[in-house]
Enquirer: 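My questions all concern the structure below.
Residue numbers begin at 1 in each chain, while the letters A, B, ... track the order of the sequences. Here the structure is a predicted model, which is why all the values come from computation and not from measurement.
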Number of protein chains: 2
Amino acid sequence: MLSAYMLGEEKGGGMGKQKSKTKKTKAPSADEAAFLAGHRLDAFPRPSVAVDVVILTVRAAALFVCLHERSDHPAKEQLALPGGFMRIEESLDEAARRIVKEKAGFDDIFLEQLYTFADPGRDPRGRVITVAHVALIEAARFDASPCPKGRIEVPWPGETGGPVDVFVDSDGPHSPIELAFDHRDILGTAVRRLRGKLDYTPIGFQLLPAEFTLRALQDVHEAVRGEQVNKDSFRRRMLASGHLEATGSHERDVTWRPAELYRFIRRSAV
Amino acid sequence: MLSAYMLGEEKGGGMGKQKSKTKKTKAPSADEAAFLAGHRLDAFPRPSVAVDVVILTVRAAALFVCLHERSDHPAKEQLALPGGFMRIEESLDEAARRIVKEKAGFDDIFLEQLYTFADPGRDPRGRVITVAHVALIEAARFDASPCPKGRIEVPWPGETGGPVDVFVDSDGPHSPIELAFDHRDILGTAVRRLRGKLDYTPIGFQLLPAEFTLRALQDVHEAVRGEQVNKDSFRRRMLASGHLEATGSHERDVTWRPAELYRFIRRSAV
DNA sequence: CAAGCATATATGCACTGAGCATATATGCAC
DNA sequence: GTGCATATATGCTCAGTGCATATATGCTTG
């Protein structure tokens, strides 16, 4: 049944047809308008498209993710990533922001598309593909959300990849919890992406408040990378990156020498 | 205009067939089984899901992409990326490989998911989202495909991003061609991704034959990055990467001193 | 055949950033 | 004040990069 899926594409399967290239315009011709009017995209089966969001923060040198308890089957009462179905009129970004707002309560948040998971059988309800997103937020705002929070432990080094383990600390020390669907894989992909971008983009600053110490920035990098970094060269590299601006003020209520607070500034041009 | 694809009910109704493929989820309880039996994913409007593939190679120090002339509206007779609708029973990877085979003739190819483009209005037929993929192939195999070939010119430096220009050289020097839908943006995203991964993954070797000279490898890097690289440090860096194995043989039929041929070897462990 | 040419390949040197050690500064607890 | 924990500054070594120079190896040309 090849033709059923080739709507709007060539039917014959030949590759070498080379018609003369006519000038093409954006305004639809009468011919095209007639084609579109008689066109039925819903004449063949389509999957459902969901959007899931991995909302991450760094607290106490560890990665945490915002979860959501499912109120319906499948995986009823199990924890899952906040997600929902894309509405027919909204973009993926709009859908993701709506879900973040509805299920975690965050209004303004750094958001980026991650990967599309589409294995047949990943959802028992039928053919559901999900466009996963990553959102990053500072710990104070993260903590203010009522969502269940999971601590992430990454069992692989560097950017190896694979599922990660999630612990809900309120239950005390125990084995990692189960997540609905393939959400442990999605989480693993999110961590791998984050590790890959951390050194080459200013993405790490999204996990910090507006003003922060170099030590806090280092904590973020160490939590994401899952390993210690050299303090001196980290400081030098960050200060030389052009992304930091000293505020002149210092942290308070610490029992040691207060560190200077810095602001993130988007670098002019490369 | 929305109503055209908001006629919710599906005519084919083919969701039930693959329901038994739930390998990742636990056996449903009686309660859950009852829920799933009464569940209708098709009660809500769903988009159509397409897959487009950016098939790239490097030839003569330039990036080239494999295209496809559309035989039907919309954008009839216009060039586009090879693409098609995902079938309800196949994974994205399977769909992409089917499309690569059908429209470009490549059987075994490096393939990777790129990004999902889903702006409402990107397709005049209605709500169509596309999961774009990138495929890389060596120039000799690329040239053997009957697909129309476009030369890529990237108007932005580094990983700035944005649409790229495509030229069909057979028509002589002229302005960049128009591509169907948002395919110039998809191409731009592909180039940006490629630039980002080139230095930190062995992805560049996918653009070369099994045995190649260091100069050819450098040509690949320069074509992807769009700028010259230092020859000496590039050689040293590549030889120190652990990804290269000398074959002992040398290139032939060149008018200068023949360079040694190398093989790509996947580095053991990091 | 010898000279010339284009490229490959090898080596040395200066510069830069990273890792490391050391010294000084600044808050709090006692 | 003393002790302590951390921040901050400086100097050293080492590895990688950009650059220059020297040699090697094929073909072309006279």
Enquirer: Counting the benzene-type ring for Trp, do Phe117(B) and Phe181(B) have ring centres under 6.0 Å apart?
Expert: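 Aromatic pair excluded; centres sit 6.0 Å or further apart.
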Enquirer: Within less than 4.0 Å of OP1 or OP2 of dA8(C), is there a side-chain N or O belonging to Lys231(B)?
Expert: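 True: Lys231(B) side-chain N/O within range (under 4.0 Å) of dA8(C) OP1/OP2.
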Enquirer: Counting only side-chain N and O atoms of Arg237(A), is one of them less than 4.0 Å from OP1 or OP2 of dA18(C)?
Expert: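 Affirmative; the distance criterion is met.
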Enquirer: Which nucleotide sits closest to the side chain of Trp256(B): dT25(D), dT8(D), dA8(C)?
Expert: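 My answer, after comparing the listed nucleotides, is dA8(C).
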Enquirer: When both hydrogen-bonding distances must be under 3.5 Å and the geometry is Watson-Crick or G-U wobble, what is dC30(C) paired with, if anything?
Expert: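 For dC30(C), the partner nucleotide comes out as dG1(D), under the 3.5 Å rule.
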Enquirer: Taking the six-membered ring for Trp, are the ring centroids of Phe264(A) and Phe212(A) within less than 6.0 Å of each other?
Expert: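 Judged by ring-centre distance (under 6.0 Å), Phe264(A) and Phe212(A) do not meet the cut-off.
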Enquirer: For dG30(D), which nucleotide in any strand shown is its Watson-Crick or wobble partner with both distances under 3.5 Å?
Expert: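 The answer is dC1(C), by the H-bond criterion.
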Enquirer: Is there a donor-acceptor pair closer than 3.5 Å between any side-chain N or O of Gln206(B) and the backbone N or O of Ile203(B)?
Expert: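 Not at all, since once roles are kept as given, no pair shorter than 3.5 Å links the two residues.
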Enquirer: Using a strict cut-off of less than 4.0 Å between a Lys/Arg side-chain nitrogen and an Asp/Glu carboxylate oxygen, indicate whether Glu159(A) and Arg192(A) qualify as a salt bridge.
Expert: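 So Glu159(A) does not pair with Arg192(A) through a salt bridge.
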Enquirer: Check whether any side-chain nitrogen or oxygen of Thr255(A) sits under 4.0 Å from OP1 or OP2 of dG27(C), and answer yes or no.
Expert: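 Thr255(A) to dG27(C) OP1/OP2: no side-chain N or O under 4.0 Å.
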Enquirer: Given that both distances must come in under 3.5 Å, which nucleotide forms a Watson-Crick or G-U wobble pair with dG17(C)?
Expert: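 For dG17(C), the partner nucleotide comes out as dC14(D), under the 3.5 Å rule.
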Enquirer: Which nucleotide, in any strand shown, forms a Watson-Crick or G-U wobble pair with dT6(D), with both distances under 3.5 Å?
Expert: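 Its partner is dA25(C) (Watson-Crick or G-U wobble, both distances under 3.5 Å).
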Enquirer: Look at the side chain of Asp232(B) and decide which nucleotide, out of dA21(C), dC19(D), dG18(D), has an atom nearest to it.
Expert: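 From the listed options, dC19(D) comes nearest.
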Enquirer: Within the structure, does a side-chain N or O atom of Arg257(A) lie under 4.0 Å from either OP1 or OP2 of dT8(D)?
Expert: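 Answer no for this pair, as no side-chain N or O of Arg257(A) is under 4.0 Å from OP1 or OP2.
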Enquirer: Would you mind classifying the nucleic acid contact of Arg236(A) as base, sugar-phosphate or nothing, using non-hydrogen atoms under 4.0 angstrom?
Expert: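 Touches a base.
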